[in-house]
2 protein chains.
Amino acid sequence: MSADPSARRGIPDATVARLPEYLRALTGFAERGITSVSSEELAAAAGVRSAKLRKDLSHLGSYGVRGVGYEVDHLAYQISRELGLTQDWPVAIIGMGNLGHALAAYSGFATRGFRVVALLDQDSHLLGQEIAGITVQPMDALTSLAEQGLAIGVIATPAASAQDVCDQLVAVGVRSILNFAPCVLVVPEDVDVRKVDLSTELQILAFHEQRRALAAEGALEHVTLEPINSAVGR
Amino acid sequence: MSADPSARRGIPDATVARLPEYLRALTGFAERGITSVSSEELAAAAGVRSAKLRKDLSHLGSYGVRGVGYEVDHLAYQISRELGLTQDWPVAIIGMGNLGHALAAYSGFATRGFRVVALLDQDSHLLGQEIAGITVQPMDALTSLAEQGLAIGVIATPAASAQDVCDQLVAVGVRSILNFAPCVLVVPEDVDVRKVDLSTELQILAFHEQRRALAAEGALEHVTLEPINSAVGR
DNA sequence: ACGCTTTTGTGAACGGATGCACAAAGTCAC
DNA sequence: GTGACTTTGTGCATCCGTTCACAAAAGCGT
Ligand SMILES: NC(=O)c1ccc[n+]([C@@H]2O[C@H](COP(=O)([O-])OP(=O)(O)OC[C@H]3O[C@@H](n4cnc5c(N)ncnc54)[C@H](O)[C@@H]3O)[C@@H](O)[C@H]2O)c1
Ligand SMILES: NC(=O)c1ccc[n+]([C@@H]2O[C@H](COP(=O)([O-])OP(=O)(O)OC[C@H]3O[C@@H](n4cnc5c(N)ncnc54)[C@H](O)[C@@H]3O)[C@@H](O)[C@H]2O)c1
């Protein structure tokens, strides 16, 4: 489609979900000093088929060169831009228990695009304590954070408190929420919630594990089993 | 279709991925003493449409009663059985850094179906240390763990070590792996890898956040924006 | 006993995502 | 400058998942 800007809109969700993996693979190539990759090489590094990669990239524009491939830096920039990583998004983490501590210490945030601007908790024993160089604040700090442009809220409280915390985030205008608590959050339709759920993933693994176990003992003789390397879900 | 057992096989991946959420919702109803739910009520609690819920459940068999709904305990049992949660799966966590510590302390594992049987790390300073009541062991403990039937490996090491750890797990026969490291793992086709990736999720949130920001400033006048509450990915 | 109400289970239509296969487009060697 | 070679971008067919809409099934009241 070449560089028609009007065609650059409406990128499929499935494609958006894979862009971060492509970006990571490109960063890896760049670190090894590789300046150009073919769709075949990049797809292998990202764990997808090359046709899928090319179709995904075609939604962003036409950044490849036929007969050659893609320029690593340029493609990485284009994907970053599309994902909105050329600016820094202020992030607040709510709930500084075991998981909240690990998240606060996690360097992956700062890497690019995100900046942890606040750690919040309800527990008065934690307030004022410093974690990874940031002082833990009470929940009512949310209002002033929102005024300073808080973009993303990360919920790391127990499930019982998650909806309450979510409502507070929505109330101050946060429209992007990442939820680690194992529960469904109810939000207005203009708010985007994504869930990271350990126990769901384990249960999906258990399902396949059981299938293999049953197949091994011959209980599922008439069932094809092999094609396991799938994803879906998330 | 009723109770034809041969039709009970081949549950779609998308359905399997939602079963844990249904199970969680059912557990919630059971805790509140509710013994019977309609597909409408259960779907609302799980955050899906009732038609989708009914189609999903129809893949497991015919456990509802027309005009009434589903018996909470019975349906929960059927889903548990389908997911393989009526037995306990031995889990090992590899990499006891910030995240590994949080995971080891996490009560969600023990809740049902999973038992953390070992914590492993390469770092000699951590060996012998006790975390959440379990002693940290060196990597070569994997062999004997495998002999005792280790089913699932959870990788919580840095990305640079993840493929190496993964290979060791596969070598001793582990075929279900949950990967927290931000990288693609290469495995034989009979091994099932699922990924929990914080930064991918954040980047997807950033994409939608940017879309909203651009739309607000009128740069995308001709683009419909509203339908955000989507998932995909994972 | 019977008809009215409720809710399931599912056939059919739809839409989005994936995989295939190839023409178009560009590079590079000479 | 030309021709052979490489790799992209995409039309098309297929597959999978979602949604709609309703007939069949069960309970309930009378
Ligand atoms: N620990 C893990 O490895 C892990 C893994 C996956 C999911 N999770 C989930 O993440 C969440 C946090 O887990 P955790 O182990 O850190 O729990 P935790 O109990 O250690 O910490 C929870 C923190 O949230 C705070 N909190 C509670 N209610 C609050 C409220 N209304 N407002 C603000 N703060 C509040 C508490 O003070 C506490 O500090 C849980 O929902 C858990 O299921 C944890
Ligand atoms: N901390 C978080 O909140 C967070 C969130 C998302 C993802 N992650 C990812 O999870 C992983 C772990 O994060 P972390 O913050 O706990 O890191 P960390 O550096 O604190 O801990 C890593 C641990 O792995 C051990 N290790 C390294 N190589 C090993 C090997 N070959 N075999 C066995 N053990 C080995 C180290 O000794 C260390 O104890 C990283 O890949 C990180 O990107 C972390």
Side-chain angles (χ1 to χ4, degrees), chain A residues 1-4 7-19 21-22 34-72 74-75 78 204 224 227-234, chain B residues 1-4 7-19 21-22 34-44 46-72 74-75 78 224 227-234:
Chain A
M1 209 4 63
S2 75
D4 178 0
R8 279 212 10 258
R9 293 297 130 196
I11 300 176
D13 285 344
T15 294
V16 173
R18 285 186 292 268
L19 292 180
E21 198 64 66
Y22 301 155
I34 295 167
T35 59
S36 173
V37 286
S38 67
S39 63
E40 206 66 55
E41 294 164 328
L42 184 53
V48 300
R49 297 280 175 188
S50 65
K52 192 192 276 190
L53 171 77
R54 288 199 301 276
K55 179 135 339 202
D56 281 342
L57 295 183
S58 75
H59 289 112
L60 317 191
S62 198
Y63 300 122
V65 179
R66 289 166 197 242
V68 177
Y70 302 87
E71 209 230 315
V72 172
H74 186 235
L75 184 56
Q78 293 298 342
I204 296 169
T224 53
I228 290 196
N229 285 8
S230 60
V232 184
R234 6 188 104 229
Chain B
M1 207 15 55
S2 71
D4 179 0
R8 277 210 15 256
R9 293 299 129 195
I11 300 176
D13 285 345
T15 294
V16 173
R18 285 186 293 268
L19 291 181
E21 199 62 66
Y22 300 156
I34 295 167
T35 59
S36 174
V37 287
S38 68
S39 63
E40 205 67 55
E41 295 165 328
L42 184 53
V48 300
R49 298 281 174 187
S50 64
K52 192 191 274 190
L53 172 78
R54 288 198 301 276
K55 173 98 51 184
D56 282 342
L57 295 184
S58 76
H59 289 112
L60 316 192
S62 197
Y63 299 124
V65 178
R66 289 167 196 240
V68 176
Y70 301 87
E71 208 230 317
V72 172
H74 186 236
L75 184 57
Q78 293 298 340
T224 54
I228 289 194
N229 285 7
S230 60
V232 185
R234 6 191 95 226

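Note that the structure is a prediction, hence the values are computed from the model and not measured. In what follows, chains are A, B, ... by sequence order, proteins preceding strands, each numbered from 1.
- Counting to the nearest Å, the P atom of D:dG17 and the CZ atom of B:R18 are 9 Å from each other.
- Protein atom CG of A:L57 is 10 Å distant from nucleotide atom C1' of D:dG9, rounded to whole Å.
- Atom pair A:I11:CD1 and C:dA17:P shows a separation of 12 Å (rounding to whole Å applied).
- Taking atom CG of B:D56 as the reference point, atom P of C:dG9 lies 12 Å away to the nearest angstrom.
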Each nucleotide in nucleotides 20-30 of chain C should get exactly one letter: B, S or -. Can you fill that in based on protein heavy atoms under 4.0 Å?
BB--BBSS---
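- In this structure, CG of B:L53 is placed 17 Å from P of D:dG17, rounded to the nearest angstrom.
- In this structure, B:L42 atom CG and C:dT6 atom P are separated by 20 Å, rounded to whole Å.
- Taking the side chain to side chain donor-acceptor pair (under 3.5 Å) definition, one finds that B:E71 meets it with nothing, sequence neighbours left out.
- For D:dT7, neither phosphate oxygen OP1 nor OP2 lies less than 4.0 angstrom from any side-chain nitrogen or oxygen of A:S39.
- Residues forming a salt bridge (charged side-chain N to carboxylate O under 4.0 Å, His left out) with B:E21 (at least two apart in sequence, or on another chain): A:K195, B:R24.
- One can place CG of B:L75 at 15 Å from C1' of C:dT7, the figure rounded to the nearest angstrom.
- Nucleotides of DNA chain C nearest to A:K52 and B:S38 differ in position, and the one nearer the 5' end is that of B:S38.
- Each end of the helix from C:dA1-D:dT30 to C:dC30-D:dG1 yields a helix axis from five base pairs, and these two axes differ in direction by 10° (to the nearest 10 degrees).
- Closest approach of B:V72 and B:I34 over heavy atoms only: CG2-O, 3.4 Å.
- Residues forming a salt bridge (charged side-chain N to carboxylate O under 4.0 Å, His left out) with B:R18 (at least two apart in sequence, or on another chain): B:D56.
- Remark: the backbone N or O of A:Y70 is not paired with any side-chain donor or acceptor of A:H74 at under 3.5 angstrom.
- Partners of B:S36 by side chain to side chain contact (heavy atoms under 4.5 Å, CB included), not counting sequence neighbours, listed by chain and number: B:V68.
- Among the nucleotides C:dT8, D:dT8, D:dG17, the one closest to the side chain of A:Y70 is D:dT8.
- Taking atom CG on B:D13 and atom P on D:dT18, their separation rounds to 11 Å, with Å as the unit.
- Residues B:L57 and B:Y63 fail the side-chain proximity criterion, which asks for heavy atoms closer than 4.5 Å.
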